Amino acid sequence: MPEQPYEPEGVIAGTGMGGAMDLGASEATTLEKGPGAPPGGGPAGRPRSLWSDAWRDLRRNPVFLLSALVILFLVFISLWPSAIASGSPLSCDLAKSQDGPEPGAPFGYDGQGCNVYTRTVYGARTSVTVGVLATLGVAVLGSVLGGLAGYFGGWWDALLSRTTDIFFAIPVVLGGLVLLSVVTSNTVWPVIGFMVLLGWPQISRIARGSVITARQHDYVQAARALGASDSRILLRHIAPNAVAPVIVVATIALGTYISLEATLSYLGVGLKPPSVSWGIDISAASPYIRNAPHALLWPSGALAVTVLAFIMLGDAVRDALDPKLR
């Protein structure tokens, strides 16, 4: 009776460094297939990165898709409001004060006889502009200061920590009433500057914690051992792996900044007429809430939908970028 060939359960494979390691049958088969065989990760055998996994999850998330569609529509009407609204938002007729909907004015007229639909459409430009620019300013300033403090530590870290404590002690709305009440400019820049001034400490705290965590990883220690400079380590190794929490918080904060701009404009210290803003329209329509509730309903609804869309987008991005939630 011929002997059956011996099939070992494991094989010994060279490591390429003068040593050997035990491999099971499945691992040995994988090695025999060569590097071109996809192991089930990414295409052509390449492992998926955090960003590719996040994008795959986002594309399957209905909350992300719905909020993204709403935000894209807001961006579109912010860039080209005349595409869906004819006339000027500053064109008013007192003879039509508080009138209801009619052809050409589906939302009716406010107390000054202005077309509520046109002003609601043009008000999106102000809200999106303030929200996006304030978020960019906060994210850049907070990430730079917090990242440097987290990487170098020492007195710079202590100084930044005490400075952020001071800014956290300032109430946002009260600070806006005090700082913006002395500003005479009627542009969005004072409002954006105020938001950046009081908003960067939150991002800096998050960036600092992310950098402290990332700098302890082995790939950072290896780059430092190979003689990489601090700037290269920060930009090439730490920043790409520490930026995810900053993106999540900044996306959620964008909706908050839009709401804050409307609040300050409602209180009379943000944007002022003849600027077009949802906060200004809500403030102007408040005295007529019984006689013309439509003048208050539409800008308030547009503000609520916009803020909700950005918050939902931030929640979806957070779920996609946090491996612990998968």
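For this chain, numbers begin at 1 and follow the sequence in order. Model, not experiment: these values are computed from the prediction.
How far OG of Ser161 is from CZ of Arg205: 6.0 Å, rounded to the nearest 0.5 Å. Atom CG of Leu313 and atom CG of Leu65 lie 10.5 Å apart (nearest 0.5 Å). Considering CG of Asn241 and NE2 of His237, their distance stands at 9.5 Å, rounded to 0.5 Å. Summarising the geometry, atom OG1 belonging to Thr251 is positioned 11.5 Å from atom CZ belonging to Arg318; distances are rounded to the nearest 0.5 Å. Between atom CG of residue Leu148 and atom OG of residue Ser204 there is a gap of 11.0 Å, rounded to the nearest 0.5 Å. Distance check: Phe167 CZ to Leu198 CG gives 7.0 Å after rounding to the nearest 0.5 Å.
Environment of CG in Asp165: crowded, with over 12 heavy atoms of neighbouring residues, nucleotides or ligands closer than 6.0 Å. Counting non-hydrogen atoms of neighbouring residues, nucleotides and ligands closer than 6.0 angstrom, the CD atom of Gln98 exceeds 12 such neighbours.
Between Leu74 and Ala124 the shortest heavy-atom distance is CD2-CB, 4.5 Å. Residue Arg119 comes nearest to Cys114 through the heavy atom pair CD-CB, 3.6 Å, listed as atom of the first residue, atom of the second, then distance. Nearest approach of Leu303 to Ala262, heavy atoms of both residues: CD2-CB, 3.6 Å. Minimum heavy-atom separation, Val116 to Thr120: O-OG1, 2.7 Å. Here the closest non-hydrogen pair linking Phe64 and Ala316 is CB-CB, 3.8 Å. A pairwise comparison of heavy atoms in Asn186 and Pro274 identifies ND2-CD, 3.6 Å as the closest pair.
A side-chain donor-acceptor contact under 3.5 Å links His294 to the backbone of Asp99. Remark: the backbone N or O of Val211 is not paired with any side-chain donor or acceptor of Gln216 at under 3.5 angstrom.
Grouping the Ile, Leu, Val, Met, Phe, Trp and Tyr side chains by contacts below 4.5 angstrom, directly or via other members, places Tyr219 apart from Leu235. Linking ILVMFWY side-chain heavy atoms closer than 4.5 Å, directly or via other members, places Leu254 and Leu79 in a single hydrophobic cluster. Following chains of ILVMFWY side-chain contacts shorter than 4.5 Å, one cannot reach Ile282 starting from Leu297, and the two form parts of different hydrophobic clusters. Both Leu267 and Val188 are part of a single hydrophobic cluster, where members link through side-chain heavy atoms under 4.5 Å apart. There is a path of hydrophobic side-chain contacts, each under 4.5 Å, that joins Leu197 to Tyr257.
A heavy-atom distance below 4.5 Å is not found between the side chains of Ser97 and Tyr288. Side-chain contact check for Thr164 versus Arg208: every heavy-atom pair is 4.5 Å or farther apart. Contact check for Leu145 versus Pro201: no side-chain heavy atoms found under the 4.5 Å cut-off. Using a 4.5 Å cut-off on side-chain heavy atoms (C-beta onward), Ile84 and Phe73 make contact. Contact check for Ser275 versus Ile280: side-chain heavy atoms found under the 4.5 Å cut-off. The closest side-chain heavy-atom distance from Val172 to Phe194 is below 4.5 Å. The side-chain heavy atoms of Val178 and Val269, taken from C-beta on, include no pair separated by under 4.5 Å.
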Steps toward side-chain contact (heavy atoms from CB on, under 4.5 Å) verdict (Val243, Ile247): CA-CA 6 Å; Val243 73; Ile247 293 177; 4.1 Å; yes

Could you check Asp315 against Ile252 for side-chain contact (heavy atoms from CB on, under 4.5 Å), going step by step and ending with a plain yes or no? CA-CA 7 Å; Asp315 288 340; Ile252 298 176; 3.8 Å; yes

Where do Asn115 and Ser91 land on the side-chain contact (heavy atoms from CB on, under 4.5 Å) test, with the steps shown first? CA-CA 8 Å; Asn115 191 325; Ser91 178; over 6 Å; no

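Every side chain to side chain donor-acceptor pair (under 3.5 Å) that Asp230 has, sequence neighbours left out, goes to Tyr151.
Through direct or indirect side-chain contacts shorter than 4.5 Å among Ile, Leu, Val, Met, Phe, Trp and Tyr, Leu90 is connected to Tyr122, Val276. Through side-chain heavy atoms spaced under 4.5 Å, either directly or across other Ile, Leu, Val, Met, Phe, Trp or Tyr residues, Leu308 is tied to Val63, Leu66, Met312.
Here the options are Thr126, Leu271, Thr306, the test is side chain to side chain contact (heavy atoms under 4.5 Å, CB included), and the partner is Trp278; only Thr306 passes.
Under the 3.5 Å distance criterion, with hydrogens and angles disregarded, a donor-acceptor pair is assigned to the side chains of Ser277 and Glu261.
Below 30°, between 30° and 60°, or above 60°: for Phe107 and Trp298 the angle between ring planes is below 30°, a parallel geometry.
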